[in-house]
Novice: 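Dropping the structure in here first, questions after.
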Amino acid sequence: MLKKLNNMQIKERLTKAFVMVASILAAVSVVGLVTMILLSNSYADALTNYGFAQGDVGKAMANLADTRSALRGAIGYEEQAAIDKMVQQHEEYKKDFEQEFANIERTMVTAENKKIYAELKEELKAYWTLEQQILDLGATEDQEKCIEAQEIAMNELAPMYESAYSKLSEIMDIKVDKGNELSSMLSVVCILLSIVIAVVIIFTIFLSFRIGIGIANSISIPLNHLKDRLETFSKGDLGSPFPDVDTKDEVADMVTVAREMAETLNFIIADEEHILSEMAEANYAVVSQDGSRYTGDFENLLLSLKELKKQMVATIQSIEEASSQVSAGSTNLADASQSLAEGATEQAGAVEEMQATIMSITENVQTAADRARESYEQAQRYSDEADRSRGEMDTMVSAMERISDASQKIENIISEIEDIASQTNLLSLNASIEAARAGEAGRGFAVVADQIRQLAEQSSKAAVETRELIEGTIQEISEGNKAAERAAASIETVVDGIEKIAESSKHVSSIAADQAVAMKQAEEGVNQISEVVQSNSATAQESSATSEELSAQAICLDELIGKFILPKE
């Protein structure tokens, strides 16, 4: 029975169990009610047929005895009034007896009672006939008739009375015996019925307890097992099996759903682990083994993972493109830095030559100044050597021409320095743009590019200042040439007077001193240009080394990016 109940749903199982117990209790109640009704009917019949009947029989026996007593009085009294009174009482007693006798006929339920009652009924007919004859004979004041009536009553009626009375006694005894038997039987039946009802109630309670315990165990035990398994499940144990349930109810459905949930979670976790492990191994072309099993909120998880993979692929592709651009830019920057370094080296050589030339010019100017001063001092004393001084002036003119030529070369070199500074500034601008494209990786290179730009600006500024100094020097040299020409003219026209020569020599000495100061300033400017060119050369070499390092890093980045397997679009 419990096995059949276990194959039902919990609601149906409980309903069946409650209906079963209620049916048993209802059946017990119906049986008890029917039995009580039967017992009540039996008890009523016992009271009617035996208890009350005994009273009716007793009343009939008393009325029969009273009729005999009234008969004796009627035939025994001497006064007519007493006789009439006894006759009247006799009739009343007889009427009551007949009524009681008729009543006990309905209680004659046994065959024995019915037989005795029938026999008594026939005897009473003769008895009442004889008694009426005795009344008719003896209910008078005639003593002889009374005595005759008394003899008839004593000899003939008395045996009939005894027989009728004994039969009534037999009926009474039968009623008493049968009543006692029925009472005993009813008592036994009541006891047995009480025992049966108690047994049925105890059995019903036991059965209800057994069914209740069975149903409770069939529900609570699988639920406890399922609860324990769900506790381990909530702690990450997805591989252990779920408990087996023998029933086919909601608990079994819960276990089935939980088992399916565990299978789904196992698949999703394993699938996510597979995807993430492949992505960790740089394989971004991996896809889900069965995307249709991602339903409900799990679909958002798969979509988020796809979006993550998409963003990572886009990021890696962007890094790959930036790496290519950085690699190309670093190559170009390395080439430009190398060209800048070579140009700076050439500039350094040119500046060294220009520095040597300027030092030579300075020495020549200083010599010219000394000689002009000596000429000024000795003009008066060495007028006779004017012709020789003219030769020296020719030499000075030639030196001035060489100084002019050297200054022109310096101006050309400065123009080249300005061009190099402009190219360096343009190169630093390009480097800054490429560093900005590279983002965080090009921040250090941006600093180098900014330093190159500053050096280019300083070089350009120094070149401008040098050009201004050279132009001033050329102008001074031009004026010196003019003065030399005038000195030559003065020497040639020495006849014009020593004073003119002296003044011209003084003027030349002053100009030569100014030229010496200007050439000193030009030498200082050239020294600055030399330092700037050397700094540019060092910076260019550093830029070249940085570009090569950046190119190497770009190659490493390309190699790292090359390890990633990206999906084909």
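Values in this document were obtained by computation on a predicted structure and should not be read as measured data.
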Novice: I need the minimum non-hydrogen distance between Leu64 and Ala164, along with the two atoms involved.
Specialist: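 For Leu64 versus Ala164, the nearest heavy atoms are CD2-CB, 4.1 Å.
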Novice: With rounding to the nearest 0.5 Å, note down the distance linking CZ in Phe97 to CZ in Arg68.
Specialist: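 Answer for the CZ-CZ pair, Phe97 versus Arg68, is 13.5 Å.
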Novice: How long is the gap from CG on Leu168 to CG on Leu120, to the nearest 0.5 Å?
Specialist: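 Output value for this atom pair is 5.0 Å.
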Novice: Does the pair Lys167/Glu170 count as a salt bridge with the N-to-O cut at 4.0 Å?
Specialist: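 No, no charged N to carboxylate O under 4.0 Å.
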Novice: Less than 4.5 Å apart, any side-chain heavy atom of Trp128 and any of Thr67?
Specialist: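 They are in contact (side-chain heavy atoms under 4.5 Å apart), so the answer is yes.
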Novice: Kindly indicate whether the side chain of Met160, heavy atoms from C-beta on, has any atom under 4.5 Å from the side chain of Glu123.
Specialist: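 Met160 vs Glu123: side chains apart.
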Novice: Answer whether the closest heavy-atom distance between the side chains of Asn224 and Lys227 falls below 4.5 Å.
Specialist: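 In short, these two side chains touch, coming nearer than 4.5 Å.
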Novice: With a 3.5 Å cut-off and no angle check, do the side chains of Asn113 and Thr110 form a donor-acceptor pair?
Specialist: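 The answer is yes; a qualifying pair exists.
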Novice: Does Gln289 CD have over 12 foreign heavy atoms under 6.0 Å away?
Specialist: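 Enclosed.
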Novice: Taking distance alone, no hydrogens or angles, what donor-acceptor pairs closer than 3.5 Å link side-chain atoms of residues 194-207 to residues at least two apart or in another chain?
Specialist:
{"unit_1": "Ser194", "atom_1": "OG", "unit_2": "Cys190", "atom_2": "O", "d": "2.7"}
{"unit_1": "Thr204", "atom_1": "OG1", "unit_2": "Val200", "atom_2": "O", "d": "2.6"}

Novice: Distance from Met61 atom CE to Ser166 atom OG, nearest 0.5 Å?
Specialist: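 The CE atom of Met61 sits 9.0 Å away from the OG atom of Ser166.
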Novice: Contact between Tyr294 and Asp271 at the side-chain level, heavy atoms closer than 4.5 Å - yes or no?
Specialist: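 They are in side-chain contact.
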Novice: Does any part of the side chain of Glu122, heavy atoms only, come nearer than 4.5 Å to the side chain of Lys125, both counted from C-beta?
Specialist: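 Lys125 reaches Glu122 side chain to side chain.
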Novice: Do the ring planes of Tyr117 and Phe101 sit parallel (below 30°), tilted (30 to 60°) or perpendicular (above 60°)?
Specialist: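 Correct class here is parallel.
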Novice: Drop me the distance from Asn103's CG to Glu98's CD, to the nearest 0.5 angstrom.
Specialist: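 Separation between the atoms: 12.0 Å.
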Novice: Which heavy atom of Gly58 sits nearest to which heavy atom of Met172, and what is that distance?
Specialist: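 Looks like N-CE, 3.2 Å.
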Novice: For residues Thr232 and Arg229, determine if any side-chain heavy atom of one lies less than 4.5 Å from a side-chain heavy atom of the other.
Specialist: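 They are in side-chain contact.
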Novice: From Ile171 CD1 over to Lys114 NZ, what is the distance, rounded to the nearest 0.5 angstrom?
Specialist: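 Rounded to the nearest 0.5 Å, the CD1-NZ separation comes out at 13.0 Å.
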Novice: Return the set of residues passing side-chain contact (heavy atoms from CB on, under 4.5 Å) with Ser23 (not counting sequence neighbours), or none when no residue passes.
Specialist: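 By the side-chain contact (heavy atoms from CB on, under 4.5 Å) rule, Ser23 matches Val19.
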Novice: Judged by atom type as modelled, is there a donor-acceptor pair below 3.5 Å linking the side chain of Asn63 to the main-chain atoms of Lys59?
Specialist: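 It does hold such a pair.
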Novice: If you round to the nearest 0.5 Å, how far is CD of Gln89 from CG of Asp96?
Specialist: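 If we round to the nearest 0.5 Å, Asp96:CG and Gln89:CD are 11.5 Å apart.
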